[in-house]
A.B. asks: 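First the structure, which I've put down as structure tokens, then a few questions once you've had a look.
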Amino acid sequence: AARLAERQARRQAQQPAPALAPQSFSAGPQLPITAGPERIPAAVLPDSNDSSWAPSVSADGRFTAFYSTASNLAPGDNDAQPDVFVYDGQTGDLELVSVPQGGGDIWGYFNNPSISDDGRYVAFDGWTNDLVPGEVEWTSDIYVLDRNDGSIVRISDAFDGSESDGNSYQPAISPDG
């Protein structure tokens, strides 16, 4: 019995150790934040305090759009609901994109971003009634943000141009937006 135990111990010592799954994840460096087309100066935040999902990466890998329920990624984000962000891997900037043109805090539930190949356009869906002018219905709509000028357009309108009366989800944007 002692010999058998000794052989087993030698075999176990010769086998490579199993790979261990990481126990925690750090998002990397602290990120400056921008809101809409303007950068918020001197905003350096800690690691996010909640989950992030659905990354969509530009063709060159520079930009990553995602949505998050973290409450500490953007100053003034007080609605405790998911928001859409774009991370610029070259500059380290993080931009909150699910805000009205010109900035401001709104109540909404935004997710499922899709970013164009060059990172200029971001499509996403959202439950809100105040992201673009003229919204009345409380339904899920599809929006497209032009990151060059900060404009947001609701594209899930009815055939006659009026606000749709149904829900729209999970946009996919073309490579050129």
Side-chain angles (χ1 to χ4, degrees), residues 21-58 61-116 119-156 163 167-173:
Q23 299 301 308
S24 65
F25 175 77
S26 174
Q30 295 179 341
L31 306 173
I33 302 299
T34 61
E38 295 184 40
R39 182 178 165 88
I40 297 172
V44 178
L45 301 176
D47 289 341
S48 69
N49 61 7
D50 207 345
S51 300
S52 297
W53 297 275
S56 176
V57 182
S58 63
R62 177 177 174 178
F63 300 103
T64 303
F66 63 95
Y67 77 94
S68 180
T69 53
S71 64
N72 67 337
L73 294 181
D77 181 18
N78 301 318
D79 63 7
Q81 298 297 325
D83 288 296
V84 175
F85 297 87
V86 173
Y87 173 71
D88 183 335
Q90 187 174 23
T91 66
D93 288 345
L94 185 66
E95 182 181 0
L96 171 61
V97 300
S98 54
V99 295
Q101 187 171 1
D105 192 26
I106 62 169
W107 195 94
Y109 186 102
F110 304 101
N111 51 30
N112 301 313
S114 177
I115 196 163
S116 62
R120 177 177 176 177
Y121 298 100
V122 181
F124 55 94
D125 61 47
W127 290 82
T128 187
N129 62 1
D130 56 358
L131 185 60
V132 297
E135 284 191 299
V136 178
E137 298 291 330
W138 186 254
T139 59
S140 178
D141 289 307
I142 305 294
Y143 303 93
V144 175
L145 165 76
D146 181 340
R147 294 180 59 234
N148 282 0
D149 65 14
S151 63
I152 296 179
V153 177
R154 184 185 61 229
I155 62 168
S156 54
E163 190 172 5
N167 294 316
S168 301
Y169 302 100
Q170 302 205 350
I173 199 160

A.B. asks: Under 3.5 Å, is there a donor-acceptor pair between the side chain of Ser56 and the main chain of Ala65?
C.D. replies: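 No, because the side chain of Ser56 does not come within donor-acceptor range (under 3.5 Å) of the backbone of Ala65.
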A.B. asks: Ser168 versus Asp125: any side-chain heavy-atom pair under 4.5 Å?
C.D. replies: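 Heavy-atom side-chain distance check fails, nothing below 4.5 Å.
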A.B. asks: Are any side-chain N or O atoms of Ser140 and backbone N or O atoms of Asn167, one a donor and one an acceptor, separated by less than 3.5 Å?
C.D. replies: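 Absent.
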A.B. asks: For the backbone of Asp83 and the side chain of Ser98, can you confirm whether one donor and one acceptor N or O come within less than 3.5 Å of each other?
C.D. replies: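 Here the side-chain-to-backbone pair does not exist.
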A.B. asks: Side chain of Ser68, backbone of Ser51: donor and acceptor closer than 3.5 Å?
C.D. replies: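 Such a contact is found between Ser68 side chain and Ser51 backbone.
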A.B. asks: Once you round to the nearest 0.5 Å, how far does CG of Asn112 lie from CH2 of Trp53?
C.D. replies: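 Asn112 CG to Trp53 CH2: 11.0 Å, rounded to 0.5 Å.
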A.B. asks: When you compare the side chain of Phe63 with that of Arg147, does any pair of heavy atoms fall below 4.5 Å?
C.D. replies: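 Yes - at least one pair of side-chain heavy atoms lies under 4.5 Å apart.
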A.B. asks: Does a side-chain heavy-atom distance below 4.5 Å link Phe66 with Leu94?
C.D. replies: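 Phe66 reaches Leu94 side chain to side chain.
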A.B. asks: Looking only at atom types and distance, does a side-chain atom of Asn72 sit under 3.5 Å from a main-chain N or O of Asn49, one as donor and one as acceptor?
C.D. replies: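 Yes, Asn72 side chain to Asn49 backbone: donor-acceptor pair under 3.5 Å.
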A.B. asks: Ignoring hydrogens, what is the shortest heavy-atom contact between Gly126 and Phe110? Give both atom names and the distance.
C.D. replies: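 Closest heavy-atom pair between Gly126 and Phe110: CA-CD2, 3.6 Å.
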A.B. asks: Testing the 3.5 Å rule here: is there a donor-acceptor pair between the side chains of Ser151 and Asp146?
C.D. replies: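 Per modelled atom types, Ser151 and Asp146 side chains form no pair under 3.5 Å.
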A.B. asks: Is there a side chain to side chain donor-acceptor pair (under 3.5 Å) between Ser156 and Asp141? Walk through the geometry before answering.
C.D. replies: CA-CA 6 Å; Ser156 54; Asp141 289 307; 3.0 Å; yes
A.B. asks: Going from CD1 on Ile152 to CG on Leu131, what distance comes out if it is rounded to the nearest 0.5 angstrom?
C.D. replies: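 One gets 4.0 Å once the value is rounded to the nearest 0.5 Å.
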A.B. asks: Restricting to non-hydrogen atoms, name the atom on Asn111 and the atom on Phe124 that form the minimum distance, rounded to 0.1 Å.
C.D. replies: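 Closest heavy-atom pair between Asn111 and Phe124: O-CB, 3.5 Å.
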A.B. asks: Let me confirm one number: the OG-CZ distance from Ser58 to Arg120, rounded to the nearest 0.5 Å.
C.D. replies: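 Separation between the atoms: 14.5 Å.
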